[in-house]
Amino acid sequence: MPEYREKTVASLGLNIHYLEWGDPVGAPLLLVHGFLDQAQSWRPFVAALKDRAATHPWIIAPDCRGHGDSGWVGAGGYYHFPDYVHDLNSVIRAVGASQVALIGHSMGGTISFLYAGTFPARVTRLVLIEGLGPIGMNFSAAPNRMEKWINEVHERGRHHFREHPAIESGARQLQETNPRLSAELALELARSGMKQRANGKWIWKFDPLHRTAAPQLFYSGQAIEFLRRVECPVLLIEGKHSHQTHRPDKQQRMDAIRNKRSVIIDDAGHMVHQDNPQVLADVVLKFLGD
């Protein structure tokens, strides 16, 4: 795996941790991970990029707030997409970049297209890996969702987490979630993504508050307005064996993007960057070089 530098930037009072590869020259490539994932998850993909690129690109991969080694919100706080977008902007400002290329996976894809729709002139290329946003919900579902959020925060809050006797147990959990994940990478991700408690047990670093139902629903109409504002070329990537391939609202959101192309990666499910990083790197480099 390539060497990287670890840095932090303050955003709304939280420390946002990020990994950095390559020399800070030109426009950086930012990699935004998915829900309950971490920046370290991109390492096989970064290694594949380095092997294939003529020059080692400047790459930055942040841990989203409440994930990896970034800070958790304080008492009374919660996690919302505008917060993630603000954090991404804080990282970009901190490195002094006026323009960036963005790659987002799953939740990170949502963060990325929200940013690109907010600041169209700042994004030169946008890659959405299984990242068209959560399935849209109706206004009528909002009251029940609000009730569910309040109940879950009250009953579970930050006390709902799974303890593991050892890091290896966490690695096996990752492989249960993604059977395509190699034992070696699963162990690496468990080592970087877990921490030991005072009782000797191991837990994941992400804030357990993420496991409660968010009170703010995701609406397709709002997502479409952000997608319509994206000016740069967009590459839409899916894993051939992903459960998201046949989601009902996908075409509507794709139609809102002006300049797009789509690629399906073989031998990959939802976690494309882990399942087939070599082919993903080939596809991304071709897109970035066009």
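Worth knowing before you read on, the calculation uses all heavy atoms, side chains too, and leaves out hydrogens, waters and symmetry mates.
When ring centroids are compared, Trp42 and His273 come within the 6.0 Å threshold. Checked against the 6.0 Å centroid criterion, the rings of Tyr84 and Tyr115 do not qualify as a close aromatic pair.
Within the structure, salt bridge (charged side-chain N to carboxylate O under 4.0 Å, His left out) contacts touching residues 19-42 (residues at least two apart or in different chains) are Arg5-Glu20, Lys7-Glu20.
No donor-acceptor distance shorter than 3.5 angstrom exists from the side chain of Arg125 to the backbone of Cys232, with no hydrogens or angles considered. At least one donor-acceptor pair under 3.5 Å links the side chain of His210 to the backbone N or O of Gly66. Using a distance-only test at 3.5 Å, with no hydrogens or angles considered, no donor-acceptor pair links the side chain of Lys50 to the main chain of Gly22. With hydrogens and angles ignored, the 3.5 Å screen pairs a side-chain donor or acceptor of His67 with a backbone N or O of Leu36. Judged by distance alone, the side chain of Gln175 and the main-chain N or O of Leu181 form a donor-acceptor pair under 3.5 Å. Remark: side-chain polar atoms of Gln38 are paired, donor with acceptor, to backbone N or O of Leu189 under 3.5 angstrom. Side-chain atoms of Glu163 do not come within 3.5 Å of backbone N or O of Ile203 as any donor-acceptor pair. Between the side chain of Asn138 and the backbone N or O of Ser140, no donor-acceptor pair lies under 3.5 Å. A donor-acceptor distance shorter than 3.5 angstrom exists from the side chain of Asp63 to the backbone of Asp69, with no hydrogens or angles considered. A donor-acceptor pair under 3.5 Å links the side-chain atoms of Glu152 to the main chain of Ala213, judged by distance alone.
Of the residues Ile103, Asp275, Ile129, the one that meets the side chain to side chain contact (heavy atoms under 4.5 Å, CB included) test with Leu280 is Ile129. Under the side chain to side chain contact (heavy atoms under 4.5 Å, CB included) rule, Glu130 has a single partner from Met107, His243, Met271, His270, which is His270.
Across all non-hydrogen atoms, the minimal contact from Arg253 to Ser220 is NH2-OG, 2.9 Å. Residues Ser90 and Val9 approach most closely at O-CG2, 3.8 Å, considering heavy atoms. Thr118 and Leu114 make their closest contact through OG1-O, 2.6 Å (heavy atoms, listed as atom of the first residue, atom of the second, distance). What you find for Val91 and Pro62 is that their closest heavy atoms are CG2-CB, 4.4 Å. Shown here for Ala39 and Ala61, the closest heavy-atom pair between the two residues is CB-O, 3.3 Å. Closest approach of His17 and Glu6 over heavy atoms only: NE2-OE1, 2.7 Å.
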Q.
Applying side chain to side chain contact (heavy atoms under 4.5 Å, CB included) to Trp21 and Arg43, what does each step give before you reach the verdict?
A. CA-CA 10 Å; Trp21 294 263; Arg43 289 178 62 197; 4.0 Å; yes
Q. Given Asp266 and Val279, is the side chain to side chain contact (heavy atoms under 4.5 Å, CB included) satisfied, shown in steps?
A. CA-CA 8 Å; Asp266 288 332; Val279 172; over 6 Å; no
Q) Can you list the steps and then say if Glu225 with Arg228 is a salt bridge (charged side-chain N to carboxylate O under 4.0 Å, His left out)? A) CA-CA 5 Å; Glu225 294 306 316; Arg228 282 177 177 160; 2.7 Å; yes
Q: Would you check, one step at a time, whether the test side chain to side chain contact (heavy atoms under 4.5 Å, CB included) holds for Asp83 with Val73?
A: CA-CA 10 Å; Asp83 300 318; Val73 296; 5.9 Å; no
Q: Go through the steps to decide whether Val25 and Trp58 satisfy the test side chain to side chain contact (heavy atoms under 4.5 Å, CB included), and finish with yes or no.
A: CA-CA 7 Å; Val25 177; Trp58 181 21; 5.8 Å; no
Q) Can you list the steps and then say if Tyr219 with Phe139 is a ring-ring contact (aromatic ring centres under 6.0 Å, His included)? A) CA-CA 8 Å; Tyr219 299 113; Phe139 290 156; 4.8 Å; yes
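With contacts defined as side-chain heavy-atom distances shorter than 4.5 Å, the pair Gln274/Pro44 does not qualify. A 4.5 Å side-chain heavy-atom check between Pro215 and His80 finds at least one atom pair inside the cut-off. Between Pro24 and Val95 there is no side-chain heavy-atom pair separated by less than 4.5 Å. Contact of the Cys64 side chain with the Phe206 side chain is not registered, since no non-hydrogen atoms from C-beta on lie closer than 4.5 Å. Trp149 places a side-chain heavy atom less than 4.5 Å from the side chain of Met146. Counting heavy atoms from C-beta on, the side chains of Phe119 and Asn89 come closer than 4.5 Å. Using a 4.5 Å heavy-atom threshold, the side chains of Leu14 and Ser70 count as separate. Between Val100 and Ile60, every side-chain heavy-atom pair lies at or beyond the 4.5 Å cut-off.
Here the CG atom belonging to Asp267 is positioned 7.5 Å from the CZ atom belonging to Arg180, to the nearest 0.5 angstrom. Gln173 CD to His164 NE2: the interatomic distance, rounded to the nearest 0.5 Å, is 4.0 Å. Note that the CZ atom of Phe226 and the OG1 atom of Thr110 stand 11.5 Å from one another [nearest 0.5 Å]. The CD1 atom of Ile92 sits 11.0 Å away from atom CG of Asp87, with the distance rounded to the nearest 0.5 Å. Atoms OG and CD, on Ser182 and Glu188 in that order, are 7.5 Å from each other to the nearest 0.5 Å. The CD1 atom of Ile265 lies 11.5 Å from the NE2 atom of His241; values are rounded to the nearest 0.5 Å.
In the hydrophobic clustering of ILVMFWY residues, with side-chain heavy atoms under 4.5 Å counting as a link, Leu12 and Leu209 come out apart. Linking Ile, Leu, Val, Met, Phe, Trp and Tyr residues whenever their side-chain heavy atoms come within less than 4.5 Å leaves Met137 and Tyr78 in two separate clusters. Val230 and Phe218 fall within the same hydrophobic cluster, defined by Ile, Leu, Val, Met, Phe, Trp and Tyr side-chain heavy atoms under 4.5 Å apart, directly or through other members. Under a hydrophobic clustering in which Ile, Leu, Val, Met, Phe, Trp and Tyr are joined whenever their side-chain heavy atoms come within less than 4.5 Å, directly or via other members, Phe35 and Phe161 fall into different clusters. Leu132 and Ile224 end up in different hydrophobic clusters when Ile, Leu, Val, Met, Phe, Trp and Tyr side chains are linked at under 4.5 Å.
More than 12 heavy atoms of other shown residues, nucleotides or ligands fall within 6.0 angstrom of atom CZ in Arg258. For CD of Gln196, the number of neighbouring non-hydrogen atoms (other residues, nucleotides, ligands) closer than 6.0 Å is greater than 12. When the shell of 6.0 Å around NZ of Lys148 is examined, it contains 12 or fewer heavy atoms from other residues, nucleotides or ligands.
At least one test fails for Arg65 against the ring of Tyr79: distance under 6.0 Å to the centre or angle within 45° of the axis.
Residues Asp255 and Gln251 bring a donor and an acceptor atom of their side chains to less than 3.5 Å of each other.
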